[in-house]
Visitor: 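One structure, as structure tokens, below. Some questions next.
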Amino acid sequence: MLDKTLSPASFEQRLYEGWEASGAFSADPASGAAPFTIMIPPPNVTGSLHIGHALTFTIQDTLIRWRRMQGRDALWQPGTDHAGIATQMVVERLLGSQGVNRRDIGREKFLEHVWEWKAQSGGSITRQLRSLGASLDWPRERFTMDAGLSDAVREVFVTLHEQGLIYRDKRLVNWDSKFQTAISDLEVENREMKGSLWHLRYPVEGEPGRFLVVATTRPETMLGDTAVAVHPDDERFRDLVGRHVILPLTGRRIPVVADEYSDPEKGSGAVKITPAHDFNDFAVGKRHGVAMPSILDAQGAVWLEEIEASLQAVPGVADPAFVRSLAGQDRFAARKAIVAELERLELLEKIEPHNNAVPHGDRSGVPIEPRLTMQWYCDAATLAKPAIEAVETGRTEFVPKHFENVFFSWMRDIQPWCISRQLWWGHQIPAWYAPDGSVFVARTEEEAYAQARAKLGDGVTLTRDEDVLDTWFSSALWPFSTLGWPRKTPELEKYYPGDVLVTGWDIIFFWVARMMMMGHHFMGDAPFKTVYIHGLVRDEKGQKMSKSKGNVIDPLELVDSFGADALRFTIASLATPGRDVKLGRKRVEDFRSFGTKLWNAARFCEMNGIAPNASFDPSKVQTPLARWILDAANSAIAEATAALEAYRMDDYAGACYRFVWNSFCDWFLEFAKPALNGPDGAEKAEVKGAAQHVLGTILRLLHPVMPYLTEELWDRFGYGAEFSLIRAAWPEPVAVPGAEEARAELDWLVSLISTVRGVRSEMNVPPSVTVPLLLQGASAGTLARGERWIEAIRRLGRATEFRALAEGEAPKGVAQAVVGEATVLLPLAEVIDLGAERARLAREQDKVKAEMAKITAKLSNADFVSRAKPEVVEENRERLAASEAELARLQAALARISD
RNA sequence: GGGCACUUAGCUCAGCGGUAGAGCGCCUCGUUUACACCGAGGAUGCCGGCGGUUCGAAUCCGUCAGUGCCCA
């Protein structure tokens with residue numbers, strides 16, 4: 001016997017372990033079944049499960065479970081990425097708390113600590129995913145630093161290098177001065193900051209007393225200025241182009257150049273050019289061939305080595321001693337000192353308040369410093385081409401489609417991808433340097449030495465590049481590296497390309513773009529056919545969840561409180577493609593009742609001896625009720641399947657919800673009660689047969705989104721062996737004889753009962769009062785139906801009998817309502833207020849009249865009749881006729897009580 | 001500054017050319033033996049504004065306004 005209340009905690013863990021132990025999550029490369037593959041976008045190994053994960057993995061698990069039930073050989077590839085910066089940061093902090101600095105213990109020792117950390121606390125997310133019910137193929141779990149995946153990384157690096165698609169270059173990078181490494185554009189977030197615009201006076205050479213005023217948000221960088229740019233059309237500065245100004249403090253003589261980058265509307269109209277510390281200035285500097293000295297070191301402190309030689313004393317303008325005093329000062333301290341010095345020299349024209357977007361490292365939180373360094377780059381533009389083409393030709397499709405624009409705009413303007421990172425944790429770059437600076441890129445050190453000896457002779461000593469690769473470099477290979485590439489494996493053969501990548505729109509550039517670039521280049525095909533983009537989870541007010549705001553909700557806590565199924569069903573119901581999901585505890589609490597409803601319906605079935613019956617044949621059913629519910633189940637199956645095919649989790653959940661609650665519980669079980677309470681016989685047997693069949697269908701239909709509850713009921717009822725629902729067949733519509741007539745009959749019955757209930761409620765008839773239903777103008781068919789359903793009508797319509805109004809019978813004080821061709825009279829002389837009933841009927845009439853007026857207006861429009869589709873015109877004619885008939889019946893009803 | 005999305009019942013959102021919907025909330029009623037995480041009934045909308053296309057527009061097109069996001 002099922003418990004009176006549903007308690008998910010009592011079975012979730014047991015079921016998960018049962019599935020896992022039985023191998024239900026495992027793909028089988030040897031099977032002949034068509035594969036269905038989802039590559040988990042590998043979460044960060046340092047991460048723990050947050051609500052955004054719950055969203056994305058619920059969607060993925062729902063798709064995987066559904067396809068598995070459809071008989072596909074489902075592979076859902078689990079694993080984590082090694083998260084270079086994040087992991088190194090975590091371990092450094094840990095060591096720091098023990099007073100250990102990584103530089104003191106050295107690279108090797110430090111990496112031992114990282115692996116130790118990983119073994120102990122890394123990947124807790126994979127354990128947490130289990131409580132969500134995620135049916136990942138755990139024995140296949142991979143980590144981007146695994147040996148196999150590392151081989152893939154080396155292979156890709158060397159190959160791309162050989163092909164000229166990976167190269168070293170000295171360019172500006174986003175430098176994170178906290179972690180002292182280059183980071184990607186995508187790891188930079190712009191923060192709107194209140195700052196200032198400093199207007200600085202640069203003395204014009206050869207014209208004492210004349211200044212060119214430049215406006216800057218970063219006065220400290222002026223030490224590295226090598227030009228001033230003005231707009232070529234700007235009359236104010238035309239005579240200065242080609243001449244020079246004296247850079248204050250350093251005394252350097254720098255040219256005034258004409259460049260369209262300078263915006264005459266902004267600031268003073270003249271802009272200082274610091275090529276080594278600003279991306280725009282870098283471009284201007286390149287155009288004009290000026291020097292590019294760096295003036296900050298890796299920590300963001302003033303560094304004079306590259307400008308020392310050019311320092312020159314200029315009375316009242318420049319003093320090398322002051323500049324030297326700045327050496328080693330932090331960039332922000334230096335700013336203060338420089339501004340003060342300029343002010344003292346009266347070279348500071350003014351300071352304006354100014355808001356600007358300041359780039360910050362998304363992990364370090366410190367302002368990013370553009371820095372000119374030698375790094376490894378990947379020619380992303382070349383790799384992007386086939387990926388762009390795949391989306392253009394529809395070989396890879398985005399759902400929803402408009403996200404393709406985001407993808408295109410990024411991919412078509414993609415910059416060289418800086419792939420080296422000045423970290424210890426990650427894939428060390430397979431490049432070795434000879435003392436003469438030659439670079440040898442090879443799969444192994446031996447190979448590198450072989451190359452080096454061939455070129456430089458025996459006895460050469462190589463040192464390996466200290467840097468590691470961007471974590472995304474290895475994640476980009478995930479769709480094939482996890483399958484064994486570069487080895488040719490059965491898995492690679494069978495599961496590449498995958499079917500769908502599921503991720504949020506914020507990650508299009510990271511996973512989607514890079515996986516596509518590498519997939520096309522190395523596998524000759526896109527890594528997935530569909531990219532399903534979902535939204536981000538926000539709080540109930542639509543705000544982004546963040547620890548600092550304190551508005552995060554913990555999915556594991558929600559699972560504890562309401563069960564994994566409730567959380568999953570809530571997420572599915574709210575997951576409209578591409579739209580952000582506003583989610584709070586309350587929403588999950590509300591949706592929990594759906595699981596309870598299903599549980600109780602099952603419990604009712606159990607109490608009535610409804611049990612799995614394999615010999616039940618839905619094509620043989622006779623009763624309208626069985627036919628009707630089986631037919632409705634067919635519709636639900638069709639709707640749910642279509643919704644899943646279209647990645648509409650909300651529609652899928654909605655279709656299940658409506659069928660279970662509104663069709664199965666509200667009407668079917670209620671209509672079944674008389675038969676179930678009645679004597680054994682063919683009718684009862686058939687109702688029970690239909691009930692068990694439909695309950696089984698419901699469990700299978702809901703399993704992808706509510707795996708635990710459905711499996712528990714499946715097992716308890718004995719629809720199959722323990723833990724077998726996960727592998728049960730996805731329901732298919734069954735042939736139901738006489739479905740159309742059954743639908744007509746049950747629709748009529750529902751309409752009759754609803755109408756009677758409505759009238760009673762409006763007339764304030766207490767439920768304890770039961771009355772006869774007297775039919776005026778009812779057809780023989782209707783009367784026969786009433787006969788058949790008398791028990792249900794009594795029970796649900798609070799009626800004593802259902803019969804035709806006798807000839808000459810004229811009960812006083814009736815409430816009336818039109819149902820189909822008939823009018824139902826409820827004799828309520830004792831309880832009814834005739835005035836109220838008249839008013840009610842008049843309101844009904846008004847409604848019908850308004851409806852008629854609308855339709856009449858349409859039909860009397862000649863253009864409508866001649867131009868609209870014939871079936872639309874016909875439909876309106878029918879509706880008008882129906883309304884006219886209803887109005888006539890209402891008028892008759894009113895007349896009946898008017899005297 | 002460029003681009004994208006959104007604006008429908010009190011709230012959260014479906015619908016995207018042919019009778020305005022759901023869930024939650026609200027109001028009324030309810031010990032009918034599955035379920036109060038329930039049942040029955042009810043109210044609530046110039047579908048952001050203005051133009052246009054169309055026989056017909058919440059739905060298509062322009063435009064304006066507001067909101068959010070991405071890129072610069």
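Below, chain A is the first sequence line, B the second, and so on; all start at residue 1. Note: hydrogens, waters and symmetry copies are ignored here, and every other heavy atom, side chains too, is used.
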Visitor: Quickly work out the A/Asn608 CG to B/A34 C1' distance and round it to whole Å.
Guide: 9 Å
Visitor: Does A/Arg579 make a side-chain N or O approach to OP1 or OP2 of B/A14 shorter than 4.0 Å?
Guide: yes
Visitor: For the P atoms, the ones on B/C64 and on B/C11, what distance do you get once it is rounded to whole angstrom?
Guide: 28 Å
Visitor: Quick one: is A/Lys869 getting a side-chain N or O under 4.0 Å of the B/G17 phosphate, OP1 or OP2?
Guide: no
Visitor: Taking only side-chain N and O atoms of A/Lys858, does any of them lie within less than 4.0 angstrom of OP1 or OP2 on B/G18?
Guide: no
Visitor: Judged by each residue's nearest nucleotide on RNA chain B, which is more toward the 5′ side, A/Ala601 or A/Asn405?
Guide: A/Asn405
Visitor: Hey, does A/Asp666 reach any base, or is it just sugar-phosphate, or nothing, if we go heavy atoms under 4.0 Å?
Guide: sugar-phosphate
Visitor: Under 4.0 Å between a side-chain N/O of A/Lys597 and OP1 or OP2 of B/G39, yes or no?
Guide: yes
Visitor: Name the nucleic acid region contacted by A/Arg760, choosing base, sugar-phosphate or nothing; use a 4.0 angstrom heavy-atom cut-off, strictly under.
Guide: nothing
Visitor: Parallel, tilted or perpendicular, judged at 30° and 60°: which one describes the rings of A/Trp748 and A/Phe802?
Guide: perpendicular
Visitor: Given B/G39, B/A40, B/C24, identify the nucleotide with an atom nearest to the side chain of A/Tyr657.
Guide: B/C24
Visitor: Rounding to an integer number of Å, can you tell me how far A/Asp650 CG sits from B/U12 P?
Guide: 17 Å
Visitor: Can you check whether A/Arg648 has a side-chain N or O nearer than 4.0 Å to OP1 or OP2 of B/G15?
Guide: yes
Visitor: Can a donor-acceptor pair be found, under 3.5 Å and without considering hydrogens, that links the side chain of A/Ser561 to the backbone of A/Leu558?
Guide: no
Visitor: Atom CD of A/Glu639 and atom P of B/A22: how far apart are they, to the nearest Å?
Guide: 15 Å
Visitor: Name the pairing partner of B/C26, where a pair is Watson-Crick or G-U wobble with both distances under 3.5 Å, or state none.
Guide: B/G42
Visitor: Using the ring of each side chain (for Trp, its six-membered ring), is A/Phe11 parallel, tilted or perpendicular to A/Trp599, with breaks at 30° and 60°?
Guide: parallel
Visitor: Respond yes when some side-chain nitrogen or oxygen of A/Lys586 is under 4.0 Å from OP1 or OP2 of B/C37, and no when none is.
Guide: no
Visitor: With distance as the sole criterion, do the side chain of A/Glu670 and the base of B/A34 form a donor-acceptor contact below 3.5 Å?
Guide: yes
Visitor: Would you say A/Trp661 places a side-chain N or O within less than 4.0 Å of OP1 or OP2 belonging to B/G39?
Guide: yes
Visitor: Nearest-nucleotide wise, let me know which of A/Leu796 and A/Asp590 is further upstream toward the 5' end of RNA chain B.
Guide: A/Asp590
Visitor: Within the structure, does a side-chain N or O atom of A/Lys854 lie under 4.0 Å from either OP1 or OP2 of B/U19?
Guide: no
Visitor: State whether A/Thr576 places a side-chain N or O below 4.0 Å from either non-bridging phosphate oxygen (OP1 or OP2) of B/A14.
Guide: yes
